[in-house]
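Written out below as structure tokens is the structure these notes cover.
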Amino acid sequence: MNRRDLLKASAAAGAAAALPRTATAQPAPARVLKMVPQANLTSLDPIWTTANITRNHGHMIYDSLYGLDANFAPQPQMAEGHVLEDGGKVVTITLRPGLKFHDGEPVRAQDVVPSITRWMKRNPFGQKLETVVDAVEVVDDRRLRFKLKRPFPLLFKALGQVSNSPAFIMPERLARTDPFQQVREAIGSGPFKFKADEYNSGSLVVYERFADYVPSPVGTPSLTAGPKVAHFDRVEWNIIVDAATAAAALQTGEIDWYEQPPPEIQQLLRRNRTIAIEAIDPLPLTGILRFNHLHAPFNDKRMRQAILPAVNQEDFMQAVVGTDASLYRTGVGLFTPGTPLANDAALGALAGPRSVDRAKALMREAGYTNQPMRLIGPTDILAPSAMTQVGADLVRRLGFNADIVLTDWGTTVQRRTSREPVERGGWSMLFTSFSSVDFVDPAAHFPLRGNGTNAWFGWPSIPRLEELRDAWFEAPDLPTEQRLAREMQTVAMDELPYVPVGSYLSMTAIKRNLTGRVPGLALFWNLRRT
């Protein structure tokens with residue numbers, strides 16, 4: 001019996017399947033929301049990691065000075081407003097009154113400044129902002145001031161960054177943590193409080209509505225902008241790795257929301273009138289094959305280029321979402337399909353007939369002589385797991401001396417930080433995916449950076465890519481941005497910081513009696529039970 005048949009058979013009998021002890025068999029009270037998230041939560045620090053599950057955790061408990069609406073326009077969130085002086089080189093931001101952290105302490109500018117400073121060290125948009133900042137200063141408890149070397153019109157968009165990693169505000173004592181070390185406490189000022197006493201990694205994550213949270217008084221809920229109104233007193237994330245068990249729990253009402261059911265489970269759930277299957281984000285996510293540029297074999301550009309003739313985007317995308325062509329896109333480059341910077345420059349290497357033999361010949365020309373390589377990947381999160389399985393088959397067919405290391409997602413997230421060579425526990429290749437907002441433009445595009453050891457895991461050094469990125473920030477209009485995006489894609493498809501392996505709509509399964517879900521991410525404000 002193959003994997004899909006097994007899942008179908010298990011799900012069909014799933015009404016009798018027992019949930020883990022942390023997800024009880026009793027109907028959820030009206031004020032409690034239970035969901036199965038995309039992965040286990042192993043890191044609590046959304047500045048330290050780009051794992052989407054930690055980002056989602058961050059949006060539960062933290063807030064930011066600005067949010068972005070569905071059109072990616074910044075709107076005040078924790079900020080009451082701002083004043084620009086000296087031609088835009090001095091920006092003073094005032095906090096809304098009455099903001100509190102979950103430990104009861106007031107939110108002060110003294111908390112905001114080190115939070116922003118720490119964020120600027122890790123986020124690509126923040127790293128760019130840091131290059132134009134002379135100082136970020138505390139004016140008084142409610143005001144902070146940016147002193148810029150020159151006007152930076154994208155400041156508020158940067159501070160409203162939605163994904164990987166948002167400029168979340170933490171208490172000063174936590175915000176002063178080394179940005180390359182994890183914060184071990186999860187205390188924010190957002191709409192939900194993290195219940196550390198109930199946290200059991202691999203089993204249960206619990207949040208409670210923060211009674212002292214005051215939503216923004218302006219705007220309408222749209223992505224991370226507008227009022228964040230919590231209608232549930234308690235939210236439980238039940239970590240259920242087995243898809244059939246999670247599906248059964250959704251069907252019997254033991255959970256309300258299954259964030260990322262695999263395609264074969266979606267087919268089953270579509271037959272249930274109480275469940276809606278819908279795209280969590282109207283824009284597609286992009287999957288990538290990431291190389292480690294520090295060590296052989298992929299520190300040689302020729303070796304990275306050699307595998308391109310064998311990469312079939314359709315294979316990877318069908319593994320993620322199934323064969324329904326409406327759910328995935330091929331011919332995908334560096335930027336999110338359907339957004340202004342998406343283009344087809346230099347994608348010829350991924351088009352036309354695919355050939356493993358041609359790739360093998362290029363590997364030989366590049367000098368490959370059976371050197372070991374290691375592919376790392378997860379088993380417990382839908383898209384990266386599916387792409388890793390396709391990738392494992394590919395590297396075997398290409399004849400690599402491959403060590404395939406499959407673990408849980410949390411272990412993969414930790415392991416990809418290693419800069420050691422393969423013989424000392426390092427890695428050579430991995431697959432993952434990024435949300436649509438991450439690849440809309442170069443600003444927060446983690447894997448597009450070419451800044452060496454300061455880049456995202458894989459650490460490519462591509463000076464020309466950095467030059468073009470800097471030029472993009474100075475672009476006076478959209479046509480110039482689009483021209484630079486094409487140039488960036490041309491350089492990237494030659495140097496290959498990563499290979500795009502297609503884009504897909506991430507489908508979620510949610511009870512129809514839940515309304516008001518804000519599209520884009522797994523967001524819990526505005527969501528209510530009818």
Side-chain angles (χ1 to χ4, degrees), residues 41-69 74-79 93 95-96 99-103 105-127 129-130 136 144 146 155-194 196 205 207 210 212-216 223-226 228 230 235 435 437-438 443-444 446 518 520-525:
L41 178 68
T42 58
S43 172
L44 302 179
D45 189 349
I47 305 301
W48 179 83
T49 182
T50 58
N52 283 346
I53 187 66
T54 304
R55 173 207 64 194
N56 293 352
H57 156 80
H59 281 297
M60 293 291 286
I61 68 171
Y62 298 109
D63 213 344
S64 52
L65 293 175
Y66 294 81
L68 295 188
D69 62 24
Q75 308 289 346
Q77 191 53 237
M78 295 175 74
I93 298 174
L95 299 175
R96 288 194 285 124
L99 298 176
K100 290 183 180 180
F101 286 114
H102 299 154
D103 60 5
E105 293 295 317
V107 177
R108 310 161 303 147
Q110 291 89 333
D111 304 294
V112 176
V113 169
S115 293
I116 296 301
T117 301
R118 183 171 187 260
W119 163 81
M120 286 194 298
K121 297 295 184 184
R122 296 304 303 263
N123 179 273
F125 212 158
Q127 290 168 346
L129 173 61
E130 189 177 37
V136 187
L144 62 145
F146 284 84
L155 171 65
F156 307 112
K157 189 173 182 179
L159 296 175
Q161 181 63 40
V162 171
S163 184
N164 297 329
S165 304
F168 289 133
I169 305 306
M170 302 178 178
E172 180 182 8
R173 62 183 177 83
L174 299 179
R176 293 199 180 280
T177 303
D178 183 327
F180 295 92
Q181 299 294 323
Q182 296 189 62
V183 168
R184 299 296 179 181
E185 278 186 273
I187 297 175
S189 63
F192 293 94
K193 295 191 298 183
F194 174 69
V205 189
Y207 305 90
F210 181 36
D212 289 336
Y213 181 75
V214 179
S216 170
L223 202 52
T224 58
K228 299 176 179 178
V235 174
S435 295
V437 292
D438 295 318
F446 269 91
V518 178
L521 313 172
L523 302 173
F524 290 80
W525 54 80

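Positions are given from 1 along the sequence.
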Quick one, [X] and [Y] - any side-chain contact, counting heavy atoms below 4.5 Å?
| X | Y | value |
| --- | --- | --- |
| I169 | Y62 | no |
| V437 | L68 | no |
| T177 | M170 | no |
| P191 | F210 | no |
| P171 | I187 | yes |
| K228 | D63 | yes |
| L159 | I116 | yes |

Let me confirm one number: the [atom1]-[atom2] distance from [X] to [Y], rounded to the nearest 0.5 Å.
| X | Y | atom1 | atom2 | result |
| --- | --- | --- | --- | --- |
| L41 | N56 | CG | CG | 9.5 Å |
| I47 | Q181 | CD1 | CD | 14.5 Å |
| R184 | L44 | CZ | CG | 8.5 Å |
| L144 | L95 | CG | CG | 6.0 Å |
| L174 | S115 | CG | OG | 8.5 Å |
| S163 | H59 | OG | NE2 | 6.5 Å |

| query | Looking at Y207 versus F192, is the centre-to-centre ring distance below 6.0 Å? | reply | no
| query | What about F194 and H102, are their ring centers closer than 6.0 Å? | reply | no
Which heavy atom of [X] sits nearest to which heavy atom of [Y], and what is that distance?
| X | Y | value |
| --- | --- | --- |
| R122 | W48 | NH2-O, 3.3 Å |
| G520 | L223 | CA-CD1, 3.9 Å |
| A109 | P114 | O-CD, 4.5 Å |
| F524 | M60 | CD1-SD, 3.2 Å |
| N123 | N164 | ND2-O, 3.4 Å |
| Q77 | S64 | CB-O, 3.2 Å |

Can you sort out the partners of [X] under side-chain hydrogen bond (donor to acceptor under 3.5 Å, both in side chains), two or more places apart, ordered by chain and number?
| X | answer |
| --- | --- |
| Q110 | D141 |
| K193 | none |
| S435 | R55 |

| query | Given the rule in the side chain to side chain contact (heavy atoms under 4.5 Å, CB included) test, do D438 and F446 qualify, once you have shown the distances and angles that lead to the verdict? | reply | CA-CA 8 Å; D438 295 318; F446 269 91; 5.6 Å; no
Test ring-ring contact (aromatic ring centres under 6.0 Å, His included) applied to [X] - qualifying residues, sequence neighbours left out:
| X | result |
| --- | --- |
| Y66 | H82, F156 |
| Y213 | none |
| F125 | F473 |

| Side-chain ion pair, D45 and R118, N-O less than 4.0 Å | yes
| request: Indicate whether the side chain of S43 and that of Q182 have a donor and an acceptor atom separated by less than 3.5 Å. | output: yes
| query | After noting the C-alpha distance and the side-chain angles of V205 and V235, does the key distance pass the side chain to side chain contact (heavy atoms under 4.5 Å, CB included) rule? | reply | CA-CA 8 Å; V205 189; V235 174; over 6 Å; no
| field | Donor-acceptor under 3.5 Å (S165 side chain, T50 main chain) | value | no
| task | Using modelled atom types only, decide if a donor and an acceptor are shared between the side chain of Q127 and the backbone of K121 within a distance under 3.5 Å. | result | yes
